[in-house]
K.L.:
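Attaching a single structure in structure tokens format; questions to follow.
Remember, it's 1-based here, ligands and their atoms both numbered in the order they're listed. Worth knowing before you read on, the calculation uses all heavy atoms, side chains too, and leaves out hydrogens, waters and symmetry mates.
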Amino acid sequence: MLPIDGNRLNARLEAFAAIGATAKGGVNRQALTEGDRGARRLLAELALARGFEVFQDPMANLFIRREGRDVTLPPLLIGSHLDSQPAGGRFDGALGTLAAFEVLESLEDAGRATECAVVVVSWMNEEGCRFSPGCMGSMAFAGGEIPQAWHGKVATDGAGFGEELALTLASLPEAVMVPLGFPVHAYLEVHIEQGPSLEAAGIPIGVVKGIQGTRWLDVTVTGQTAHAGTTGLSWRRDPLHALTAALSGLYGAVMPDDPDARFTIGRISAEPGSVNAIPEEVRCTVDMRHPDPQRLDEIEELTRSRIGQEAERQGCLVQISRSFDMPPCVFPEALQKAIGQAARDCKVESVPMLSGAFHDALFVNRVAPAAMIFVPCRDGLSHNEAEYVEPSDVVTGCNVLAQATLAIAATAGTKAGP
Ligand SMILES: [Zn+2]
């Protein structure tokens with residue numbers, strides 16, 4: 001077991017919450033602003049004071065390294081992000097970054113050697129609210145390059161991405177510059193759940209199985225408008241009748257037998273939209289989510305075929321196109337098991353769960369085994385200044401991260417590695 005200093009960690013969370021603090025108790029520390037730079041600066045100062053090596057890459061991802069026994073092994077990466085929403089909370093990102101730094105300090109305090117180096121990371125611009133997309137830092141790290149289109153991006157407040165990035169890099173001259181992307185043994189991220197299920201279940205740790213995939217469809221069904229009173233059933237080509245018949249069957253076919261599936265019609269419209277006319281054309285959106293890409297394909301296939309069948313029955317035409325497709329990410333089982341075991345070692349209950357939101361771990365998982373540890377947040381609130389995590393849950397999350405770090409670092413250079 002590696003003892004951590006829970007008081008130090010909770011005090012650090014307070015200190016970082018003061019950087020970009022808002023009147024309502026939250027933080028506004030959007031990516032590449034003065035606040036973001038201030039938080040990076042404080043973390044780097046703390047790291048340098050402990051004798052750790054501090055470096056950054058051209059995307060302003062910040063790294064803090066504590067050397068392992070074998071300097072040739074790829075490091076175990078642990079961390080999260082320090083940027084926030086404009087009216088964000090104190091824990092989204094900061095918790096995972098500071099818990100990771102607490103693990104590094106605890107290793108140092110205890111004089112514990114690890115097989116590979118342990119590197120704390122703070123990814124640049126996870127939130128994606130000032131400059132989109134989100135997870136820019138981890139995406140570029142995983143891709144090994146900065147996409148050309150990002151250089152000319154302009155922030156919501158008018159600032160240029162290239163200028164702000166350069167200022168941020170220059171604000172930490174002590175950090176050694178390294179090229180983008182390097183081999184990684186594994187990546188672990190503690191994060192608040194940003195949802196209500198852990199708190200509701202009274203369980204302090206969520207072992208994240210993966211991040212569900214999201215796919216959106218645009219559906220248009222075209223029939224023939226006609227008089228509502230004079231047109232008998234056999235004369236109708238009613239697109240709304242076709243669409244609603246298909247959808248009611250789909251609700252029953254997709255979700256009830258599959259607790260991981262999400263099927264949502266968020267928008268539906270009929271034209272011309274007259275009370276006493278059969279519609280000419282109906283449109284709807286479909287939002288489908290699932291952690292298994294094959295199930296996502298099946299749900300899409302079922303949606304297309306059911307709408308197609310009902311439209312044919314009504315003599316209508318159908319057009320269906322994808323407007324968004326984010327593939328799911330499944331975290332390696334070996335890492336999930338290691339986190340579950342770490343929770344048992346800490347004598348706390350844990351539960352496997354899915355993440356409904358994107359995280360940096362999704363992108364890191366494309367190049368290295370990654371996993372996440374969720375902790376409860378009050379009322380499931382996040383992206384909100386009232387976001388709150390009980391200090392005891394902060395400590396539990398960090399304890400589990402500490403044990404998982406020891407276990408996973410020990411597999412570096414062996415065949416048992418994740
Ligand atoms: Zn976050």
K.L.:
Any salt bridge linking R313 with E310? Criterion: basic side-chain nitrogen under 4.0 Å from a carboxylate oxygen.
P.N.:
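Result for this pair is yes, salt bridge flagged.
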K.L.:
Please determine, by modelled atom types, if W123 and N61 share a side-chain donor-acceptor pair under 3.5 angstrom.
P.N.:
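On atom types as modelled, these side chains do not qualify, holding no pair under 3.5 Å.
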K.L.:
Is it true that D287 and R289 make a salt bridge, defined as a side-chain N closer than 4.0 Å to a carboxylate O?
P.N.:
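Salt bridge: yes.
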K.L.:
With sequence neighbours left out, write down each residue that passes ring-ring contact (aromatic ring centres under 6.0 Å, His included) with F182, or none if nothing qualifies.
P.N.:
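Here the qualifying residues are F63, F141.
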K.L.:
Checking salt bridge (Lys or Arg N to Asp or Glu O under 4.0 Å) against R50, which of E105, E108, E45, E102 comes through?
P.N.:
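Only match with R50 under salt bridge (Lys or Arg N to Asp or Glu O under 4.0 Å): E105.
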K.L.:
Which atoms of the protein, restricted to N, O or S, are nearer than 2.8 Å to the Zn ion (ligand 1)?
P.N.:
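The answer, once waters are left aside, is H81 NE2, D92 OD1, H191 NE2.
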K.L.:
Hydrogens and angles aside, do N125 and H81 bring a side-chain donor and acceptor to less than 3.5 Å of each other?
P.N.:
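Looking only at side-chain atoms, H81 and N125 do not form any donor-acceptor pair under 3.5 Å.
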